[in-house]
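Encoded as structure tokens, the structure appears first; notes follow it.
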Amino acid sequence: MRRYGFTLIELLIVIVIVAGLVALLLPAVQQAREAARRAQCANNLKQMGLALHNYQTVIGCFPMGYAAAARFVDGATDTSPGWAWGAMILPQLEQRPLFDAANFGLTVESPQNLTVATTTLGVYLCPTDSPPVGPFAIDDGNGAVLASLAPTSYAACVGDDPTDTATGINGNGLGRGVFYRNSRIRVADITDGTSQTIALGERAWARSTGVWAGAVNRGVIRRGPSNPCSTTGAASYPAATLVQAHCHVLNTNSDPDGGLDDFSSQHPGGAEFLFADGSVRFLKDVRQDSGVRPDGTPVYSPSGLIFQALATRSGGEVLGAGVD
């Protein structure tokens, strides 16, 4: 009786065909998954946008970048109690029990507030990002652990490049954006237009280890495990940067500051941003400046100048139509 079956050559041909089909389909599947993750990230920011506007309707202004009681010194050793915008809008994010559990009279890193500050919230995490499952250690820059807090993939915008995330403008702690130390910005203060002003944006924990609850006094933000900048640059940045970022470069791979004070994402090609009108837009990468002048000041690229203009609330910049 004659037996029928595959020869070895036929089997190899089938395997090659199947492997080819998988190779063709895999990128499409990965793109579809990333599109879904990006949509979820945008939805996170939309929820935050609704929360911010509900907050300002009740209070009369947007929340502070972070709350500090002491006289401003450096944005590093003077951030207490440190509670940030992410904690202030908890009731508007349907997290009233968590908000009520916080003792805002104590520092964010106080042992009495650990239940709140260590709670991981899905709305503050981009699904493309790769933060730790639970809280992570915040140290003082010398390795001494000060507290453990829950991670975030988002940060508040303090303004353009001249606005330092910790020291503000000319060392005053203030900002040109919607959020900064003890800020109380109203919609009326955003004279550039709410649709032309960034409020919040992505800052991937995988690149910069931010938190949502607040600025831990004397704490530092450190490079995340996927930070692409040279290790010869800065390894950390002061406490206020744990919750704030500025618009200079986006998804940089060459910033001497390690990109710690800049927005970033794990999405290919750019990052999602929430504007002050509640809209969410995907902005393309601005990886580096166009050069450096003899005096050491940067030469900004055209796209970098637009990015910075979107960060200021009252800069009076003319952006023109078609800015995405």
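If you read the sequence from its start, that first residue is 1, and numbering goes on from there.
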Subject >> Flag if over 12 foreign heavy atoms under 6.0 Å of CD, Glu94 >> reply: no

**OP:** Kindly say whether Gly269 contributes a backbone atom to a donor-acceptor pair with the side chain of Asn251 at under 3.5 angstrom?
**Re:** no

Original post:
Is the closest side-chain donor-acceptor distance between Asn54 and Thr57 under 3.5 Å?
Top reply: no

Original post:
Should Leu93 and Leu98 be regarded as members of a common hydrophobic cluster, given that ILVMFWY residues are connected when their side-chain heavy atoms come within less than 4.5 Å of each other, either directly or indirectly?
Top reply: yes

Subject >> More than 12 heavy atoms of other groups within 6.0 Å of Arg71 CZ >> reply: no

**OP:** Would you please test Val211 and Val243 for side-chain contact (heavy atoms from CB on, under 4.5 Å) and show each step?
**Re:** CA-CA 6 Å; Val211 302; Val243 296; 4.2 Å; yes

Original post:
Any idea which heavy atoms bring Ser314 and Asp189 closest together, and the distance?
Top reply: CB-O, 4.2 Å

Subject >> With Thr128, the side-chain hydrogen bond (donor to acceptor under 3.5 Å, both in side chains) member among Gln266, Glu202, Glu34 >> reply: Glu34

Subject >> Shortest non-hydrogen separation from Gly259 to Cys229 and the atoms involved >> reply: N-SG, 4.1 Å

Subject >> Path from Trp83 to Met48 over hydrophobic side-chain contacts below 4.5 Å >> reply: yes

Original post:
Does Thr77 offer a backbone N or O that forms a donor-acceptor pair with the side chain of Asp74 under 3.5 Å?
Top reply: yes

Original post:
According to the ring-ring contact (aromatic ring centres under 6.0 Å, His included) rule, which pairs have a member within residues 290-311, sequence neighbours left out?
Top reply: His248-Tyr300, Phe273-Phe307

Subject >> Listed partners of Tyr55 passing ring pair (Phe, Tyr, Trp, His ring centres under 6.0 Å), at least two apart >> reply: none

Subject >> Check: Glu109/Asn113 side-chain N/O donor and acceptor closer than 3.5 Å >> reply: no

Original post:
Does the side chain of Val178 reach to within under 4.5 Å of the side chain of Leu52, using non-hydrogen atoms?
Top reply: no

Subject >> Mutual orientation of the aromatic rings belonging to Phe62 and His53 [parallel < 30°, tilted 30-60°, perpendicular > 60°] >> reply: perpendicular

Original post:
With side chains defined as the heavy atoms from C-beta onward, is the minimum distance between Ser230 and Ser254 less than 4.5 Å?
Top reply: no

Original post:
Is a side-chain N or O of Arg176 found less than 3.5 angstrom from the main chain of Ile169, in a donor-acceptor match?
Top reply: no

**OP:** Determine yes or no for a side-chain-to-main-chain donor-acceptor pair under 3.5 angstrom, with Arg186 supplying the side chain and Gln56 the backbone.
**Re:** no

Original post:
Does a side-chain heavy-atom distance below 4.5 Å link Asn217 with Thr107?
Top reply: no

Subject >> Nearest heavy atoms of Val216 and Ala239, plus distance in Å >> reply: O-CB, 3.1 Å

Original post:
Okay, side chain of Thr118, backbone of Leu114: is any donor-acceptor separation there less than 3.5 Å?
Top reply: yes

Original post:
Which residue pairs satisfy the ring-ring contact (aromatic ring centres under 6.0 Å, His included) criterion with at least one member in residues 187-211, sequence neighbours excluded?
Top reply: Phe136-Trp205

**OP:** Determine which pairs satisfy salt bridge (Lys or Arg N to Asp or Glu O under 4.0 Å) with at least one residue from residues 76-90, sequence neighbours left out, and list them in order.
**Re:** Asp78-Arg181

Original post:
Does Thr79 use its side chain to pair, donor to acceptor, with the backbone of Gly75 at less than 3.5 Å?
Top reply: no

Subject >> Distance-minimising heavy-atom pair for Gly214 and Leu149 >> reply: O-CD2, 4.1 Å

**OP:** Find the distance between CD (Glu272) and SG (Cys126) and round it off to the nearest 0.5 Å.
**Re:** 8.0 Å

**OP:** Check whether any side-chain N or O of Gln308 sits under 3.5 Å from a backbone N or O of Asp160 as a donor-acceptor pair, and report yes or no.
**Re:** no

Original post:
Has the side chain of Ser264 got a donor or acceptor atom that lies under 3.5 Å from a matching backbone atom of Ala204?
Top reply: yes

**OP:** Could I get the full list of side chain to side chain contact (heavy atoms under 4.5 Å, CB included) partners for Thr152, not counting sequence neighbours?
**Re:** Tyr124, Tyr154, Trp212

Subject >> Name of the residue among Val220, Ile221, Val158, Asp164 meeting side-chain contact (heavy atoms from CB on, under 4.5 Å) with Thr241 >> reply: Ile221

Original post:
Does the pair Leu260 and Asn227 meet the rule for a side-chain contact (heavy atoms from CB on, under 4.5 Å), with working shown?
Top reply: CA-CA 9 Å; Leu260 298 174; Asn227 189 303; 4.2 Å; yes

Subject >> Residues Asp257, Thr252; criterion side-chain contact (heavy atoms from CB on, under 4.5 Å); working and verdict >> reply: CA-CA 10 Å; Asp257 289 338; Thr252 181; over 6 Å; no

Subject >> side chain to side chain donor-acceptor pair (under 3.5 Å) pairs, two or more places apart, involving residues 136-151 >> reply: Asp139-Arg222

**OP:** Give the intermediate values and the outcome of side-chain contact (heavy atoms from CB on, under 4.5 Å) for residues Leu121 and Leu90.
**Re:** CA-CA 10 Å; Leu121 297 175; Leu90 286 174; 3.7 Å; yes

Subject >> Step-by-step side-chain hydrogen bond (donor to acceptor under 3.5 Å, both in side chains) determination, Asp129 to Ser153 >> reply: CA-CA 7 Å; Asp129 198 5; Ser153 305; 2.8 Å; yes

Original post:
Salt bridge check: are Asp285 and Arg287 linked by an N-O gap of less than 4.0 Å?
Top reply: yes

Original post:
Are Val123 and Leu200 grouped together when hydrophobic residues (ILVMFWY) are joined by side-chain heavy atoms under 4.5 angstrom apart?
Top reply: yes

Original post:
Would a distance-only check, ignoring hydrogens and angles, find a side-chain to backbone donor-acceptor pair under 3.5 Å from Ser183 to Ile185?
Top reply: no

Subject >> Cluster check Leu45, Ile190: I/L/V/M/F/W/Y, side chain < 4.5 angstrom >> reply: yes

Subject >> Atom CG of Asp100: over 12 foreign heavy atoms under 6.0 Å >> reply: yes

Subject >> Check: Thr197 side chain, Thr194 main-chain N or O, donor-acceptor pair, under 3.5 Å >> reply: no

**OP:** Look at the side-chain heavy atoms of Ile, Leu, Val, Met, Phe, Trp and Tyr, link any pair under 4.5 Å apart, and say whether Val280 and Phe263 land in one connected group.
**Re:** no

Original post:
Atom NE2 in His246, atom CZ in Arg203: separation rounded to 0.5 Å?
Top reply: 10.0 Å

**OP:** Report yes if some heavy atom in the side chain of Ser265 is under 4.5 Å from a heavy atom in the side chain of Arg38; otherwise report no.
**Re:** no

